[in-house]
Structure formats: structure tokens, C-alpha cells
Protein chains: 2
Amino acid sequence: MGASIPPDGCNQLICMTCRSRSQSDWCVLNDDEIALIDKVKLVRTCRKGDLLYAQGDTCHSIFCVVSGMVALRKSDADGNSILLRLVHAGQTLGYRDMFADKMYTNSAEVLRPSAVCQIPEAAVRKLLEHNPKLGFQFLNHCAADQESTEESLLHQITLPVRSRLIHLLLTLKDRYGDRADDGSLVVSLPMTRQDIAALLGTRPETIARTINDLVSDELMNFAGRIVSIPNLDVLLDEIESPGL
Amino acid sequence: MGASIPPDGCNQLICMTCRSRSQSDWCVLNDDEIALIDKVKLVRTCRKGDLLYAQGDTCHSIFCVVSGMVALRKSDADGNSILLRLVHAGQTLGYRDMFADKMYTNSAEVLRPSAVCQIPEAAVRKLLEHNPKLGFQFLNHCAADQESTEESLLHQITLPVRSRLIHLLLTLKDRYGDRADDGSLVVSLPMTRQDIAALLGTRPETIARTINDLVSDELMNFAGRIVSIPNLDVLLDEIESPGL
DNA sequence: CGGGGGTTTGAGTCCGTTCAAAATACGTGG
DNA sequence: CCACGTATTTTGAACGGACTCAAACCCCCG
């Protein structure tokens, strides 16, 4: 068999030409090192609901999201669970547990159709030995992730659901937002309201009610998953002084 | 002036002989490298309320708690604040922000009289270059810290104050607990109830009331900061199935 | 066009908060 | 060692944000 012709978009699944390469944790690797990853990695095409790995699994891979969106979900023994964080295209996940635990301490759940590269631990360890810069890259990334988790914790404790929801929308606008003809900002939500609730540490009912309030207050309009925000400044004002 | 005679306990403040050396992040360093730290470090003796650094300060040091206890406090623009985590004797703090930000993203507040070594960033960077193992040590530590922050987040969202308080007591018992003559477990709390409240994301009033409940339910006895727990298993049962 | 998940609405409840005041513990100086 | 002033802790009563449970609704997809 000769080399098969790659289907549309497939060349994005080769690290060597991956558009995220220069901004990802792997940017410190040279061509030879990248080639090693291309040799051993596994490319997975995932649908909503798929698990890249489950909490409790023994950890033996790192994942790199090529396209789509993944969430980290953490559960306890009583069946409670929350979404810790979203992982977008170009970001790496799973490396954390590789250094701290032998098991995954959360599950990686695909929220929308995604392509993901899976890199086995052995290769990662080899690369780390070979190129210490990669370790620093991970250290940086890990430190930044923790800062974001600590901020979630602070928000969770001190802010009401309404403010937390506004914060989330403002985060999503950078990646999923666009300017409409009339100048208003339009964000197309990449997830269900259940997922939003889990991410904000609340219930779907509360999200529905809070959205109602925001619409009544004319801060935004909702049509399914399409949010339009006429005046961003009003939103920013509100989260700066929640009491007023 | 000749070399002054070290006061009592002062030899613990020399890394070379520090009792925590073998279990700390610095255990991967050899004698020469440790000697470098001893040369450049600053030893601080702190009282309750002192700040090792404040949120927003530019980050140029790593700290190592020799004795006592430090808490990481994070605040937002509205004056809300929470305690993120406790840092006990032998543990390192401040390294996180050195890799993620140029500024400290939280404050390090001394909760009880403590001795702390302060190591300037330049020395740390030099050591990292010289001995890559140290970087891995930090990576490990950072990963473990994040796991603990994520667990706090899960607890915060899913568990009531009562369960969170029990969890905290069970954590403190390892370090501050002792067995009494009658077989009950006695924990001497290392912090005020205000600090407990801040750590659990609630108010002092709620802590007082929750303690009342626990005493009424005969799960434990309180006398100021001395807690005695007659039967540990009952506690463990409760946090395994909070609903019953 | 009929599921079936996701979403919304309603009513009632509860946990934790807020505010204010009383009680207690603590540290400091006499 | 005791008295005093301050900070912490406790108690009380009222309020409120978010939860629970349950039912209706809606939309998307097959």
C-alpha cells in the first residue's frame, strides 16, 4: 500500500504542521523531537460525552486538543461532580496527574466534537530527559493552571451566581465571540446550560433563572445558545462592584 | 567582632542541618548547592499577622517555613478574601508565582509565631540551571498543590460547612493531634476560628454554630482551641455519607 | 411526527448570611 | 497577680440566595 492521501484537514493532525505548535507547551521542541511525537502519538476523533480518561484510571498519557473543547470533571464518592475547567483547542491536558499521582484525579470529558492527540507517558518522559526546557514549560503551565483554579475558588466563595455567570461569558467572548452589524457583541455558547451550571458550581434551574434576570435587566439577550450583549461596559461595571 | 554564638535552636536555621531538608523540595540538592542557599538566604522571625509578601508585590523570593504556620490568603477588588491553604513547617511557598506571574497572586500571612527562610529568585534560578532535578521537584510540588486546590473547590461546592469542618479537623489531627489517656484523640487547633472560617469559605458565626452542633451530637468536645474526639470512626462515617 | 434530552417555571424549604449585642478570652501594663 | 481595654467568640433573630422536587415546555434529531 502506498501512502494514503490525507482527508481534508488531516494535515492539522500532524504536530510538525499543527497550527498550535508555536503557542503550545511543545513549542520548545525542535523538529526531531516533534517527529518523535508524531511517530508515537494516537489521534482520536471524539464526540460529545466521550471520555479521554476517567478519574481513577492509571495515568499513562498526555493529551493535546487539536480542535473542539474538553472539560475536566471531578467527582467525589457520593456522586457529586463539578466541572473544574475548560480545555480549548491548542491546550494540553493530563500532564498534571502524570507528575503528582499515578492515577487521574479527574475525568476529561469531551463537550463538543473534538480531535485530540494522545501522547504516551514513555515518550513524554524521554522528551523531558532529552530537553529540560519542556519541564519548565510544564511547570509554567501547571503554575498558571493553579492560579486559575485558585481564582475559581475565590469566585465560588465570594461571588453570587449572577456575577460568576457574567465572568464566564466574558471569558468565552474572547474565543467564541464576534461583533455584530449593530455593534453589539455576539457570543455563541459552546456548551449546554447543564455544563455551564456544573462549571459555576450550581444547578441548571438557577442558570435559567439567572439568565432571565440578566435579560430583564437588559444586560443581554438570549436566543438558545446565542447571546448578544449590547453594551459590554455595563457588564464590566457590574462585576467590579457587585453590591450596587 | 568574632562569630557570635547561635542562640538556642538557631542551628535549625542553617539549611545544611535543617531537619526538613530531606523531605523538602530541596532534598535533591547536594551539600555545595545547599551551601549556596545558606549564603544568600535571609532568616525572618515572624509574629501572627505578619506578611511574608502581599498580593500584587513583584515576586522575587521563595520562602521556606522552618517552624510555625503560614496561610495563603487571596483577595479580590471588593475586599473579599479567603484562605487558600495552610503552609506548615518544612514546606516551601512562593515558588508558584515565580513561574506563572511576575507578581504574587496571593498574600502569605503568618498565622502563628514562625521562622521562615527567604531565598532570592536569582539564587533559585541559578540552582535550577545547575541542577535540573530541582525543577522536577517544583513541578511535582506544584502538581500536588493543584490537586489539593481542586479538591477544596469540589468540597466547597458540594459539601455543607459541617462536613468541611470535619474534613479540616481530620487533616489537622495528623500534625496537631495526640492520643489522650482515655484513648480519645485530642487536637490542639493551631489557629483562630476566624481563620478556620476563612479557610472553609464561611463566617465565624457559622463556625461557632456548627461547633455547637457537633458537640450536641456528641461527636467531639471543645474547650477553647482544644478539641477532643472520643470516636474517630463516627466522624469518618459521617463524611462518607453526609446525607444520613 | 414521536421520542428524549435539555430547559424553563413554580412553590416551598433550608443552609448560611447579616446585623447587632452580649459574653468571653487575651495581652499588656500597673 | 490582678485590672483593664481590646479582640475574638458566641448567641439571637430575621433575611435571602440558591436548592429541591415536580411538572410543563421546547427543541432537535431520527
Side-chain angles (χ1 to χ4, degrees), chain A residues 47-50 71 78-83 109-113 155-166 168 188-217 220-227 238 242-243, chain B residues 47-50 71 78-83 109 111-113 155-166 168 188-217 220-227 238 242-244:
Chain A
R47 292 179 304 173
K48 173 170 169 55
D50 288 356
D78 300 307
N80 303 111
S81 87
I82 57 169
L83 292 191
E109 181 180 325
V110 176
L111 290 191
R112 48 182 0 204
H155 281 184
Q156 190 58 233
I157 292 176
T158 62
L159 301 181
V161 170
R162 179 176 166 119
S163 302
R164 304 210 298 274
L165 179 56
I166 293 177
L168 175 62
S188 124
L189 299 180
M191 54 186 153
T192 67
R193 289 165 201 226
Q194 291 186 131
D195 291 333
I196 293 177
L199 197 55
L200 299 185
T202 183
R203 310 283 143 185
E205 296 95 317
T206 303
I207 295 296
R209 287 185 239 271
T210 305
I211 286 178
N212 268 356
D213 294 346
L214 289 172
V215 173
S216 320
D217 294 349
M220 46 185 83
N221 284 306
F222 277 80
R225 292 196 186 176
I226 308 297
V227 195
E238 168 154 344
Chain B
R47 291 179 305 171
K48 174 169 170 56
D50 288 355
D78 301 306
N80 303 111
S81 87
I82 57 169
L83 293 191
E109 180 180 325
L111 291 191
R112 46 182 1 203
H155 281 184
Q156 190 58 233
I157 292 175
T158 63
L159 300 181
V161 170
R162 178 177 168 119
S163 303
R164 304 210 298 274
L165 179 56
I166 294 177
L168 175 62
S188 125
L189 299 180
M191 53 184 152
T192 68
R193 295 175 192 219
Q194 291 187 128
D195 292 332
I196 293 177
L199 197 55
L200 300 184
T202 182
R203 308 285 143 185
E205 297 94 318
T206 303
I207 295 296
R209 287 184 242 272
T210 306
I211 286 178
N212 268 354
D213 294 346
L214 289 171
V215 173
S216 320
D217 294 349
M220 47 185 80
N221 284 306
F222 277 80
R225 291 195 186 177
I226 308 296
V227 194
E238 168 154 343
L244 313 179

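All chains are named by letter (A, B, ...) in the order of the sequence lines, taking the proteins before the strands, and each is independently numbered beginning at 1. Keep in mind it's a predicted model, so treat the numbers as computed, not measured.
Looking at the side chain of Gln194(A), the nearest of the listed nucleotides dT8(C), dT10(D), dT7(C) is dT7(C). Of the candidates dA20(C), dT8(C), dT8(D), the closest approach to any side-chain atom of Glu205(B) belongs to dA20(C). Closest approach to the Val161(B) side chain among dG16(C), dT9(D), dT10(D) is made by dG16(C) (side chain taken as heavy atoms from C-beta onward).
Between Thr206(B) and dG16(C) there is no side-chain N or O to OP1 or OP2 distance below 4.0 Å. Taking 4.0 angstrom as the limit, Thr192(A) places none of its side-chain polar atoms (N or O) nearer than this to OP1 or OP2 of dG6(C). For dC19(D), the OP1/OP2 oxygens have a side-chain nitrogen or oxygen of Thr202(A) closer than 4.0 Å. Side-chain N/O atoms of Asn212(B) include one lying less than 4.0 angstrom from OP1 or OP2 on dT11(D).
Take the nearest nucleotide of DNA chain C for Arg47(B) and for Gly201(B): the residue whose nucleotide is more 5' is Gly201(B).
Residues that satisfy the side chain to side chain contact (heavy atoms under 4.5 Å, CB included) test with Thr158(B), not counting sequence neighbours, are Asp76(A), Asn80(A), Ile82(A), Leu154(B).
Between Arg47(A) and Pro113(A), the closest side-chain pair of non-hydrogen atoms is not below 4.5 Å. Side chains of Asn221(B) and Val227(B) form no contact here, defined as non-hydrogen atoms less than 4.5 Å apart.
The NZ-P distance, from Lys48(B) to dT28(C), rounds to 14 Å in whole Å. Between Arg193(B) atom CZ and dT24(C) atom P the separation is 14 Å, expressed in whole Å. Rounded to whole Å, atom P of dA18(D) lies 18 Å from atom CG of Asn80(A). Rounded to whole angstrom, the span from the CZ atom of Arg203(A) across to the P atom of dC14(C) amounts to 17 Å. When rounded to the nearest whole Å, the span between CG of Asp213(A) and P of dA18(D) equals 10 Å. Atom pair Arg164(B):CZ and dC15(C):P shows a separation of 13 Å (rounding to whole Å applied). Atom CZ in Arg209(B) sits about 11 Å away from atom P in dT10(D), given to the nearest Å. One interatomic measurement links the two molecules: CG of Leu111(B) to P of dA7(D), which rounds to 18 Å at whole-angstrom precision.
When every heavy atom of His155(B) is checked against every heavy atom of Arg164(B), the shortest pair comes out as O-CD, 3.6 Å. When every heavy atom of Asp195(B) is checked against every heavy atom of Leu83(B), the shortest pair comes out as O-CD1, 3.5 Å.
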Check against salt bridge (Lys or Arg N to Asp or Glu O under 4.0 Å), Glu109(A) and Lys48(A): CA-CA 8 Å; Glu109(A) 181 180 325; Lys48(A) 173 170 169 55; 5.4 Å; no

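Remark on the helix from dC1(C)-dG30(D) to dG30(C)-dC1(D): inter-end axis angle 50°, axes from five-pair C1' superpositions, rounded to 10°.
Across Leu214(B), Leu200(B), Thr206(B), a single residue satisfies side-chain contact (heavy atoms from CB on, under 4.5 Å) together with Arg162(B), and that is Leu214(B).
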